Amino acid sequence: MVILPCIVGPTGAGKTAAALALAAELPCSVINADSRQVYRDFPRITAQPAPDEASQCPHLLYGYLDIEEKLSAGTYARTAASTIEDVVQTKRTPLLVGGTGLYFRALLEGIAPIPHVPPSLASAWQERCNTEGSLALHALLQDIDPSYAAKVHPHDRQRITRALEVWQATGKTFSWWHNQPLPPSSYSVQKVGITLPLAELEKILQNRIDAMLEQGAVAEAQAALTRCDDPTAPGWSGIGCRELYLYCKKEISLEACKTLWLRNTRAYAKRQLTWFMADSHIHWFAPRQKEEAVEMLLRWIQKTKENTDESIHTLK
RNA sequence: GCCGGGGUAGCUCAAUUGGUAGAGCAGGGGACUGAAAAUCCCCGUGUAGGCGGUUCAAUCCCGUCCCCCGGCA
């Protein structure tokens with residue numbers, strides 16, 4: 001079993017600071033579990049660890065993707081799994097840090113082994129959804145895969161088209177795939193959450209936006225724009241990125257950009273909290289208690305190591 | 001000062017030919033299996049700018065005052 005401490009929480013709550021506090025106590029390598037911090041073009045706007053932070057211990061899976069590259073939960077899980085193996089080889093402790101709930105789930109609990117669906121097929125279903133409407137496709141899904149259709153709302157275009165494309169590409173329904181047994185997890189996990197009440201988090205997010213702007217967020221967006229002028233490119237979908245895109249295109253004022261940016265970030269933080277609060281395994285701490293969080297992780301790592309050693313001795 | 005247009009939910013605005021009003025966004029809650037910083041669901045009583053009047057009944061009609069936006073002086 002790989003010992004895998006995790007730090008989760010909404011954006012801006014101080015996950016990076018907590019990770020560095022743990023890194024100061026034992027040799028570990030931070031592995032990103034955030035779907036936007038993977039983009040090379042937006043280190044600042046997506047709040048990737050700054051160079052002076054990243055230099056304190058190895059930081060992996062940050063800023064390695066091109067703006068036009070799409071990352072899926074399945075791909076993330078495979079990449080992260082092999083990255084964790086690499087880290088274990090170096091005798092360091094892998095430390096998973098991020099805010100994308102689905103990525104944590106895909107890696108830690110597994111994800112249905114659905115083969116890759118050709119993008120052309122996926123976009124054909126999206127096209128059909130646009131012309132025929134999601135209700136018609138939901139009705140179709142009802143015939144093909146009633147149990148999944150019952151779970152997905154008739155307006156949820158993204159999930160309906162996904163279920164249909166998987167069915168067409170593989171000949172099996174989406175729920176059939178979901179019912180396939182998953183291999184047992186090879187991780188021993190302890191999750192620690194860092195958060196604050198939304199009202200307090202909002203102030204931090206406001207300040208963070210101002211700081212990002214002072215530190216060249218506009219220039220960062222402008223530079224990205226020269227490389228890719230397509231606002232539908234995956235990298236542009238990050239909050240802050242798309243608002244700055246509109247500002248750079250002179251479609252909105254800087255004031256409007258900041259207002260939207262804060263609003264959207266706040267709403268996103270709330271969605272993250274909804275996801276993580278539903279996970280009863282997370283032990284929560286306020287940012288000011290990060291030393292306690294570190295303390296807890298260290299104790300857990302120590303104990304888990306002892307248990308593992310014991311079971312090795314028993315086997316002998 | 002005069003002439004228009006307007007004052008309705010936190011914001012932007014509808015509808016009501018007189019029977020006390022509803023969308024989008026924001027906000028609150030929730031879902032989540034390869035787009036997840038995505039996608040989607042549920043939640044709407046608000047002195048209808050103030051005060052009078054007409055009326056069985058006024059957000060709607062009339063008077064008056066206040067405020068905003070244009071135009072004219």
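Remember, it's a predicted structure, so these values are computed and weren't measured experimentally. Chain naming here is simple, since letters A, B, ... match the order of the sequence lines and numbering starts at 1 in each.
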Take the protein atom OH of A/Tyr268 and the nucleotide atom C1' of B/G28, then report the distance between them rounded to whole Å.
20 Å
Using the P atom on both, measure B/U45 against B/G10 and round to a whole Å.
12 Å
Protein-nucleotide distance (A/Arg157, atom CZ; B/A31, atom P), rounded to Å
24 Å
Nearest to the side chain of A/Thr161, which nucleotide is it out of B/A37, B/A35, B/G28?
B/A35
Could you check whether A/Glu202 gets within reach of a base, just the sugar-phosphate, or nothing at all, counting any heavy atom under 4.0 Å?
nothing
Side chain of A/Leu198 only, heavy atoms from C-beta on: which candidate in B/G27, B/A38, B/G28 is closest?
B/G28
For A/Leu71 and A/Lys151, find the nucleotide of RNA chain B closest to each by heavy atoms; which residue's nucleotide sits nearer the 5' end?
A/Lys151
From B/A38, B/A37, B/C32, nucleotide with atom closest to A/Arg271 side chain:
B/A38
The Watson-Crick or G-U wobble partner of B/U39, with both key distances under 3.5 Å, is B/A31
Starting from P on B/C11, measure out to CD on A/Glu255 and report it in whole angstrom.
18 Å
Heavy-atom count around A/Tyr245 OH within 6.0 Å, excluding the residue itself: above 12?
yes
Between A/Arg44 and A/Glu220, does at least one N-O distance fall below 4.0 Å, as a salt bridge requires?
no
If you check every side-chain atom of A/Ala73, which of B/A37, B/G34, B/A36 has the closest atom?
B/G34
Measure the distance from CD on A/Glu69 to P on B/A35 and round it to the nearest whole Å.
15 Å
Just how far, in rounded Å, is C1' of B/U33 from NZ of A/Lys172?
18 Å
What does A/Ser35 touch in the nucleic acid at a heavy-atom separation under 4.0 angstrom: a base, only the sugar-phosphate, or nothing?
base
For B/G34, does either OP1 or OP2 sit under 4.0 Å from a side-chain N or O belonging to A/Arg162?
yes
Euclidean distance, atom CD of residue A/Glu165 to atom C1' of B/U39 [Å, nearest integer]
14 Å
On RNA chain B, compare the nucleotides closest to A/Asn264 and A/Gly101; which residue's is nearer the 5' end?
A/Asn264
Contact class for A/Glu109 (heavy atom, under 4.0 Å): base, sugar-phosphate, or nothing?
nothing
So if I take every side-chain heavy atom of A/Arg263 and compare against B/U39, B/G34, B/C25, which nucleotide ends up nearest?
B/C25
Counterpart base for B/G70, defined by Watson-Crick or G-U wobble contacts under 3.5 Å:
B/C3
Identity of whatever pairs with B/U17 - Watson-Crick or G-U, under 3.5 angstrom:
none
Can a donor-acceptor pair under 3.5 Å be found between the side-chain atoms of A/Arg266 and the base atoms of B/A37?
no
Aromatic-base stack, A/His155 on B/C40, cutoff 5.5 Å, angle under 30:
no
Does B/G50 adopt a syn or an anti glycosidic conformation, taking syn as a chi angle within 90° of 0?
anti
Less than 4.0 angstrom between a side-chain N/O of A/Thr100 and OP1 or OP2 of B/A37, yes or no?
yes
A/Ile160 CD1 to B/C32 P, in whole Å, measures 16 Å
Which nucleotide wins on minimum distance to the side chain of A/Arg36, given the candidates B/A37, B/G27, B/U33?
B/A37
Measuring only the P atom in each nucleotide, how far is B/G18 from B/C61? A whole number of Å is fine.
8 Å
Rounded to whole angstrom, note down the P distance from B/A23 over to B/U16.
15 Å
So, OP1 or OP2 of B/A38: does either fall under 4.0 Å of a side-chain N or O from A/Arg242?
yes
What nucleotide, of B/A37, B/U39, B/U33, holds the atom closest to the side chain of A/Asp156?
B/U39
Does B/C25 have a Watson-Crick or wobble mate here (both distances under 3.5 Å), and if so which one?
B/G10
By the 4.0 Å heavy-atom rule, please label A/Pro113 as base, sugar-phosphate, or nothing.
base
Taking atom CG of A/Leu205 and atom CD of A/Glu200, what is their separation to the nearest 0.5 Å?
12.0 Å
Measure the CZ-SG distance between A/Phe42 and A/Cys241 for me, rounded to the nearest 0.5 Å.
4.0 Å
Taking B/A38, B/G27, B/C32 as options, the one with an atom nearest any side-chain atom of A/Trp275 is B/C32
Please work out if A/Ala112 contacts a base, only the sugar-phosphate, or nothing of the nucleic acid, heavy-atom cut-off 4.0 Å.
base
Counting only side-chain N and O atoms of A/Tyr76, is one of them less than 4.0 Å from OP1 or OP2 of B/G34?
no
So, are A/Lys258 and A/Asp210 salt-bridged, with charged N and O less than 4.0 Å apart?
yes
The side chain of A/Gln158 lies closest to which of these nucleotides: B/U39, B/U33, B/A31?
B/U39
Between B/G34 and B/G30, how far apart are the C1' atoms? Round to whole Å, please.
24 Å
Once rounded to the nearest 0.5 Å, what's the spacing between atom CH2 of A/Trp167 and atom CH2 of A/Trp125?
6.0 Å
To the nearest 0.5 Å, what is the distance between CG (A/Leu95) and CG (A/Leu26)?
8.5 Å
Taking the C1' atom of each, how far is B/A9 from B/A21, in whole Å?
11 Å
Once you round to the nearest 0.5 Å, how far does CZ of A/Arg162 lie from OH of A/Tyr148?
9.0 Å
Over how many whole Å does the gap from A/Trp236 atom CH2 to B/A35 atom P extend?
22 Å
For the side chain of A/Arg105, starting at C-beta, report the closest nucleotide among B/G34, B/C32, B/A37.
B/C32
Counting any heavy atom closer than 4.0 Å, what does A/Thr11 reach on the DNA or RNA strands: base, sugar-phosphate only, or nothing?
nothing
Does B/C61 have a Watson-Crick or wobble mate here (both distances under 3.5 Å), and if so which one?
B/G53
Would you call A/Lys249 and A/Asp229 a salt bridge, using N to O less than 4.0 angstrom?
yes
